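Heavy atoms only: backbone and side chains are in, while hydrogens, waters and symmetry mates are out. Sequence lines set the chain letters: A, B, ... in the order given, protein chains first and strands last, and positions in each chain run from 1. Everything numeric here is computed off the predicted structure, so don't read it as measured data.
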Amino acid sequence: MSKRLLSALVAILAAAGASPAASSGDATRGRMLYESRCIACHSIDANRTGPAHARLYGRKAGSAPGYGYSDALRKSTIVWDEKALDLWLADPERLIPGQRMGYSVRDAAERADLIAYLRRMSE
Amino acid sequence: MTIIKQSPIQSRRSFLGNSARITLSATAIALLAGRESLAQAYATGSTSQDVDILNVALGLEHEAINAYQLGAQSGLLQKAVLDVAVRFQSDHKAHRDALAATIRKLGGMPVAEKKLDDYAMALKADTLKNQTDVLALAARLELGATNAYIGVIPSFKDAALAKVAARLAADETMHWTILNNALGRSLPANALSFGA
(Lines give C-alpha, C1' and ligand atoms only; values in the text may rest on other atoms or scores of the structure.)
Protein backbone atom coordinates (compact mmCIF):
# COMPACT_ATOMS: atom_id res chain seq x y z
CA MET A 1 0.00 0.00 0.00
CA SER A 2 1.48 3.36 -0.97
CA LYS A 3 2.15 6.05 1.63
CA ARG A 4 -0.33 8.35 -0.14
CA LEU A 5 -3.04 5.71 0.04
CA LEU A 6 -2.26 5.06 3.70
CA SER A 7 -2.47 8.76 4.51
CA ALA A 8 -5.78 9.00 2.69
CA LEU A 9 -7.08 5.99 4.60
CA VAL A 10 -6.04 7.53 7.91
CA ALA A 11 -7.80 10.76 7.00
CA ILE A 12 -10.96 8.92 5.94
CA LEU A 13 -10.98 6.86 9.12
CA ALA A 14 -10.48 10.00 11.19
CA ALA A 15 -13.32 11.76 9.43
CA ALA A 16 -15.62 8.78 9.76
CA GLY A 17 -14.86 8.22 13.42
CA ALA A 18 -12.68 5.14 13.20
CA SER A 19 -12.95 4.31 16.89
CA PRO A 20 -16.34 2.73 17.40
CA ALA A 21 -15.64 2.06 21.06
CA ALA A 22 -13.93 5.37 21.80
CA SER A 23 -16.92 7.16 23.28
CA SER A 24 -17.91 4.12 25.34
CA GLY A 25 -14.59 3.70 27.12
CA ASP A 26 -14.43 2.86 30.79
CA ALA A 27 -12.09 5.16 32.70
CA THR A 28 -11.67 2.68 35.56
CA ARG A 29 -10.49 -0.01 33.20
CA GLY A 30 -8.43 2.64 31.49
CA ARG A 31 -6.66 3.45 34.73
CA MET A 32 -5.70 -0.21 35.15
CA LEU A 33 -4.45 -0.35 31.58
CA TYR A 34 -2.51 2.87 32.11
CA GLU A 35 -0.88 1.38 35.19
CA SER A 36 0.26 -1.74 33.35
CA ARG A 37 0.99 -0.40 29.85
CA CYS A 38 1.94 3.25 30.09
CA ILE A 39 3.51 3.66 33.51
CA ALA A 40 6.99 2.63 32.37
CA CYS A 41 7.35 5.91 30.50
CA HIS A 42 4.49 8.16 31.56
CA SER A 43 2.92 9.68 34.65
CA ILE A 44 -0.10 11.88 34.87
CA ASP A 45 1.66 14.74 36.62
CA ALA A 46 5.37 14.43 35.77
CA ASN A 47 7.49 14.38 32.64
CA ARG A 48 9.49 11.16 32.65
CA THR A 49 10.74 9.20 29.65
CA GLY A 50 7.50 10.35 28.07
CA PRO A 51 5.57 13.57 28.69
CA ALA A 52 3.10 14.15 31.54
CA HIS A 53 -0.53 13.36 30.69
CA ALA A 54 -2.33 15.81 32.96
CA ARG A 55 -4.65 18.01 30.90
CA LEU A 56 -3.69 16.09 27.77
CA TYR A 57 -7.21 16.02 26.37
CA GLY A 58 -7.78 19.12 24.28
CA ARG A 59 -4.09 20.03 24.31
CA LYS A 60 -2.03 20.56 21.18
CA ALA A 61 0.38 17.70 20.47
CA GLY A 62 3.93 18.32 21.62
CA SER A 63 3.04 21.01 24.14
CA ALA A 64 3.47 19.52 27.63
CA PRO A 65 5.55 22.13 29.49
CA GLY A 66 9.19 21.19 30.01
CA TYR A 67 9.24 18.02 27.94
CA GLY A 68 11.80 17.53 25.16
CA TYR A 69 9.72 16.41 22.19
CA SER A 70 10.81 15.13 18.81
CA ASP A 71 10.65 17.65 15.98
CA ALA A 72 7.73 15.68 14.57
CA LEU A 73 5.61 16.20 17.69
CA ARG A 74 6.63 19.82 18.15
CA LYS A 75 5.64 20.67 14.59
CA SER A 76 2.39 18.74 14.65
CA THR A 77 -0.83 20.73 14.62
CA ILE A 78 -2.91 17.89 16.01
CA VAL A 79 -5.06 18.56 19.05
CA TRP A 80 -5.64 15.55 21.28
CA ASP A 81 -9.30 14.67 21.07
CA GLU A 82 -10.94 11.25 20.97
CA LYS A 83 -10.26 10.59 17.31
CA ALA A 84 -6.70 11.82 17.36
CA LEU A 85 -5.86 9.83 20.48
CA ASP A 86 -7.43 6.71 19.01
CA LEU A 87 -5.35 7.01 15.85
CA TRP A 88 -2.23 7.82 17.87
CA LEU A 89 -2.57 4.86 20.20
CA ALA A 90 -3.37 2.53 17.30
CA ASP A 91 -0.25 3.51 15.37
CA PRO A 92 1.74 6.57 16.49
CA GLU A 93 4.15 6.49 13.58
CA ARG A 94 1.37 6.40 11.02
CA LEU A 95 -0.32 9.43 12.56
CA ILE A 96 2.85 11.48 13.13
CA PRO A 97 5.83 10.11 11.18
CA GLY A 98 9.14 10.71 12.93
CA GLN A 99 7.75 10.57 16.45
CA ARG A 100 9.57 8.40 19.04
CA MET A 101 6.91 6.22 20.70
CA GLY A 102 7.34 2.62 19.61
CA TYR A 103 4.40 1.36 21.63
CA SER A 104 0.90 0.92 20.26
CA VAL A 105 -2.44 -0.40 21.50
CA ARG A 106 -4.02 -2.61 18.87
CA ASP A 107 -7.30 -3.33 20.65
CA ALA A 108 -9.96 -0.65 19.99
CA ALA A 109 -11.80 -1.27 23.26
CA GLU A 110 -8.58 -0.87 25.24
CA ARG A 111 -7.81 2.35 23.40
CA ALA A 112 -11.27 3.61 24.29
CA ASP A 113 -10.72 2.78 27.94
CA LEU A 114 -7.35 4.54 27.98
CA ILE A 115 -8.83 7.59 26.27
CA ALA A 116 -11.66 7.68 28.80
CA TYR A 117 -9.09 7.65 31.60
CA LEU A 118 -6.93 10.33 29.99
CA ARG A 119 -10.01 12.46 29.46
CA ARG A 120 -10.96 12.09 33.12
CA MET A 121 -7.44 13.11 34.13
CA SER A 122 -7.83 16.24 32.04
CA GLU A 123 -10.99 17.45 33.77
CA MET B 1 10.82 -35.26 46.46
CA THR B 2 11.12 -33.50 49.80
CA ILE B 3 8.81 -30.60 50.37
CA ILE B 4 9.84 -28.15 53.06
CA LYS B 5 7.00 -25.97 54.21
CA GLN B 6 7.86 -22.37 55.02
CA SER B 7 5.78 -19.49 56.21
CA PRO B 8 5.23 -16.84 53.53
CA ILE B 9 7.63 -14.51 55.34
CA GLN B 10 10.34 -17.18 55.68
CA SER B 11 9.85 -18.06 52.07
CA ARG B 12 10.24 -14.47 50.96
CA ARG B 13 13.33 -14.01 53.14
CA SER B 14 15.03 -17.07 51.72
CA PHE B 15 13.99 -16.07 48.21
CA LEU B 16 15.54 -12.64 48.66
CA GLY B 17 18.63 -14.17 50.25
CA ASN B 18 19.15 -16.57 47.38
CA SER B 19 18.63 -13.82 44.83
CA ALA B 20 21.26 -11.67 46.44
CA ARG B 21 23.83 -14.40 46.02
CA ILE B 22 23.37 -14.68 42.27
CA THR B 23 26.65 -13.92 40.60
CA LEU B 24 26.55 -10.77 38.52
CA SER B 25 28.37 -10.30 35.27
CA ALA B 26 30.09 -6.93 35.55
CA THR B 27 30.56 -6.57 31.84
CA ALA B 28 27.86 -5.19 29.60
CA ILE B 29 26.81 -7.59 26.92
CA ALA B 30 27.70 -6.91 23.32
CA LEU B 31 24.19 -7.09 22.05
CA LEU B 32 24.90 -6.65 18.40
CA ALA B 33 28.39 -8.01 17.96
CA GLY B 34 29.00 -8.78 14.32
CA ARG B 35 25.88 -6.96 13.16
CA GLU B 36 27.70 -4.43 11.02
CA SER B 37 24.92 -4.50 8.44
CA LEU B 38 22.72 -2.73 10.99
CA ALA B 39 25.10 0.20 11.17
CA GLN B 40 24.99 0.46 7.40
CA ALA B 41 21.21 0.29 7.50
CA TYR B 42 21.15 3.15 9.99
CA ALA B 43 23.34 5.22 7.70
CA THR B 44 20.65 4.91 5.03
CA GLY B 45 17.97 5.95 7.50
CA SER B 46 16.16 2.64 7.41
CA THR B 47 16.69 1.89 11.11
CA SER B 48 16.43 5.40 12.53
CA GLN B 49 13.09 4.57 14.10
CA ASP B 50 14.69 1.55 15.76
CA VAL B 51 17.33 3.85 17.26
CA ASP B 52 14.59 6.14 18.56
CA ILE B 53 12.94 3.18 20.29
CA LEU B 54 16.29 2.09 21.75
CA ASN B 55 16.75 5.60 23.12
CA VAL B 56 13.36 5.44 24.81
CA ALA B 57 14.51 2.14 26.33
CA LEU B 58 17.71 3.83 27.48
CA GLY B 59 15.60 6.51 29.15
CA LEU B 60 13.76 3.78 31.04
CA GLU B 61 17.05 2.26 32.17
CA HIS B 62 18.38 5.62 33.38
CA GLU B 63 15.23 6.04 35.43
CA ALA B 64 15.41 2.50 36.84
CA ILE B 65 19.03 2.97 37.92
CA ASN B 66 18.13 6.18 39.69
CA ALA B 67 14.99 4.70 41.25
CA TYR B 68 17.07 1.94 42.82
CA GLN B 69 19.62 4.55 43.88
CA LEU B 70 16.90 6.51 45.64
CA GLY B 71 15.73 3.31 47.34
CA ALA B 72 19.27 2.30 48.31
CA GLN B 73 20.11 5.61 49.94
CA SER B 74 16.71 6.04 51.57
CA GLY B 75 17.77 4.15 54.68
CA LEU B 76 14.45 2.30 54.51
CA LEU B 77 15.74 -1.05 53.22
CA GLN B 78 16.87 -4.00 55.30
CA LYS B 79 20.30 -5.37 54.40
CA ALA B 80 19.02 -8.40 52.45
CA VAL B 81 16.61 -6.24 50.49
CA LEU B 82 19.26 -3.61 49.88
CA ASP B 83 21.56 -6.29 48.43
CA VAL B 84 18.85 -7.32 45.98
CA ALA B 85 18.14 -3.71 45.06
CA VAL B 86 21.81 -3.12 44.31
CA ARG B 87 21.91 -6.30 42.25
CA PHE B 88 18.90 -5.21 40.22
CA GLN B 89 20.43 -1.77 39.78
CA SER B 90 23.52 -3.49 38.38
CA ASP B 91 21.34 -5.28 35.85
CA HIS B 92 19.91 -1.95 34.75
CA LYS B 93 23.41 -0.49 34.46
CA ALA B 94 24.33 -3.41 32.20
CA HIS B 95 21.20 -2.73 30.15
CA ARG B 96 22.13 0.96 29.97
CA ASP B 97 25.65 0.24 28.80
CA ALA B 98 24.49 -2.28 26.21
CA LEU B 99 21.78 0.01 24.85
CA ALA B 100 24.09 3.03 24.70
CA ALA B 101 26.73 0.98 22.90
CA THR B 102 24.15 -0.29 20.44
CA ILE B 103 22.79 3.20 19.76
CA ARG B 104 26.32 4.47 19.12
CA LYS B 105 27.05 1.48 16.90
CA LEU B 106 24.04 2.41 14.82
CA GLY B 107 25.24 5.99 14.53
CA GLY B 108 22.78 7.46 17.02
CA MET B 109 23.29 9.64 20.08
CA PRO B 110 22.40 8.00 23.42
CA VAL B 111 19.96 10.04 25.49
CA ALA B 112 21.63 11.56 28.57
CA GLU B 113 20.89 10.68 32.16
CA LYS B 114 19.15 13.37 34.21
CA LYS B 115 20.08 14.46 37.71
CA LEU B 116 19.09 12.22 40.61
CA ASP B 117 16.91 15.03 41.99
CA ASP B 118 14.94 15.14 38.74
CA TYR B 119 14.14 11.44 39.04
CA ALA B 120 13.31 11.89 42.72
CA MET B 121 10.79 14.57 41.86
CA ALA B 122 9.22 12.67 38.96
CA LEU B 123 8.92 9.48 41.03
CA LYS B 124 7.74 11.34 44.13
CA ALA B 125 10.53 9.85 46.23
CA ASP B 126 9.51 12.07 49.15
CA THR B 127 6.39 9.92 49.56
CA LEU B 128 8.41 6.75 50.27
CA LYS B 129 8.03 6.14 54.00
CA ASN B 130 9.02 2.50 54.49
CA GLN B 131 10.50 -0.54 52.79
CA THR B 132 7.15 -1.63 51.38
CA ASP B 133 6.76 1.73 49.64
CA VAL B 134 10.18 1.36 48.03
CA LEU B 135 9.50 -2.20 46.90
CA ALA B 136 6.07 -1.24 45.58
CA LEU B 137 7.56 1.56 43.50
CA ALA B 138 10.26 -0.75 42.15
CA ALA B 139 7.69 -3.45 41.33
CA ARG B 140 5.49 -0.90 39.57
CA LEU B 141 8.37 0.32 37.42
CA GLU B 142 9.63 -3.18 36.65
CA LEU B 143 6.19 -4.36 35.56
CA GLY B 144 5.77 -1.28 33.43
CA ALA B 145 9.16 -1.88 31.85
CA THR B 146 8.33 -5.52 31.17
CA ASN B 147 5.15 -4.54 29.37
CA ALA B 148 6.87 -1.70 27.54
CA TYR B 149 9.67 -3.90 26.22
CA ILE B 150 7.23 -6.59 25.11
CA GLY B 151 5.01 -3.91 23.59
CA VAL B 152 7.72 -2.41 21.39
CA ILE B 153 8.92 -5.73 19.97
CA PRO B 154 6.59 -5.55 16.95
CA SER B 155 7.78 -2.02 16.18
CA PHE B 156 11.40 -2.94 15.47
CA LYS B 157 12.29 -3.24 11.83
CA ASP B 158 15.26 -5.45 12.68
CA ALA B 159 14.69 -8.84 14.28
CA ALA B 160 17.96 -8.67 16.23
CA LEU B 161 16.75 -5.54 18.00
CA ALA B 162 13.39 -7.18 18.70
CA LYS B 163 15.32 -9.97 20.39
CA VAL B 164 17.19 -7.41 22.48
CA ALA B 165 13.85 -6.05 23.69
CA ALA B 166 12.73 -9.58 24.56
CA ARG B 167 15.90 -10.20 26.58
CA LEU B 168 15.45 -6.94 28.46
CA ALA B 169 11.82 -7.84 29.15
CA ALA B 170 12.94 -11.19 30.58
CA ASP B 171 15.26 -9.45 33.05
CA GLU B 172 12.55 -6.99 34.10
CA THR B 173 10.09 -9.86 34.59
CA MET B 174 12.59 -11.62 36.82
CA HIS B 175 12.98 -8.44 38.88
CA TRP B 176 9.22 -7.95 39.13
CA THR B 177 8.64 -11.54 40.20
CA ILE B 178 11.08 -11.29 43.09
CA LEU B 179 9.80 -7.88 44.17
CA ASN B 180 6.22 -9.10 43.97
CA ASN B 181 7.09 -12.07 46.12
CA ALA B 182 8.87 -9.88 48.65
CA LEU B 183 5.73 -7.76 48.89
CA GLY B 184 3.70 -10.88 49.61
CA ARG B 185 1.51 -10.33 46.58
CA SER B 186 -0.12 -13.04 44.54
CA LEU B 187 1.18 -14.24 41.24
CA PRO B 188 -0.85 -13.23 38.18
CA ALA B 189 -4.11 -15.16 38.14
CA ASN B 190 -3.77 -16.24 34.54
CA ALA B 191 -1.11 -17.14 32.03
CA LEU B 192 -0.02 -14.65 29.36
CA SER B 193 -0.56 -11.68 31.65
CA PHE B 194 2.64 -9.84 30.70
CA GLY B 195 2.50 -7.58 27.68
CA ALA B 196 -1.22 -8.17 27.27
Please flag which part of Asn47(A) lies under 4.5 Å from any non-hydrogen atom of chain B: side chain, backbone, both or neither. backbone
When only pairs under 4.5 Å are counted, which of Asn55(B), Val111(B), Val56(B) shares the most heavy-atom pairs with chain A? Val56(B)
Residues Arg119(A), Glu82(A): salt bridge by 4.0 Å N-O rule: yes
In terms of heavy-atom pairs under 4.5 Å, which option from Leu143(B), Ile53(B), Leu60(B) contacts chain A the most? Leu60(B)
So does Arg140(B) pair up with Glu35(A), basic N to acidic O under 4.0 Å? yes
Can you see which heavy atom on Arg106(A) is nearest to which on Arg111(A), and at what distance? O-NH1, 3.0 Å
Could you check, using the six-membered ring where one of them is a Trp, whether Tyr119(B) and His62(B) have ring centers closer than 6.0 angstrom? no
Please state whether the side chain, the backbone, both or neither of Ala46(A) comes within less than 4.5 Å of a heavy atom of chain B. side chain
Name the option with the most non-hydrogen atom pairs under 4.5 Å to chain A; the candidates are Glu142(B), Glu63(B), Lys124(B). Glu63(B)
With the threshold set at 4.0 Å, does a side-chain nitrogen-carboxylate oxygen contact exist between Asp91(B) and Arg87(B)? yes
Counting only non-hydrogen atoms closer than 4.5 Å, does Leu123(B) touch chain A with its backbone (N, CA, C, O), its side chain (CB onward), both, or neither? side chain
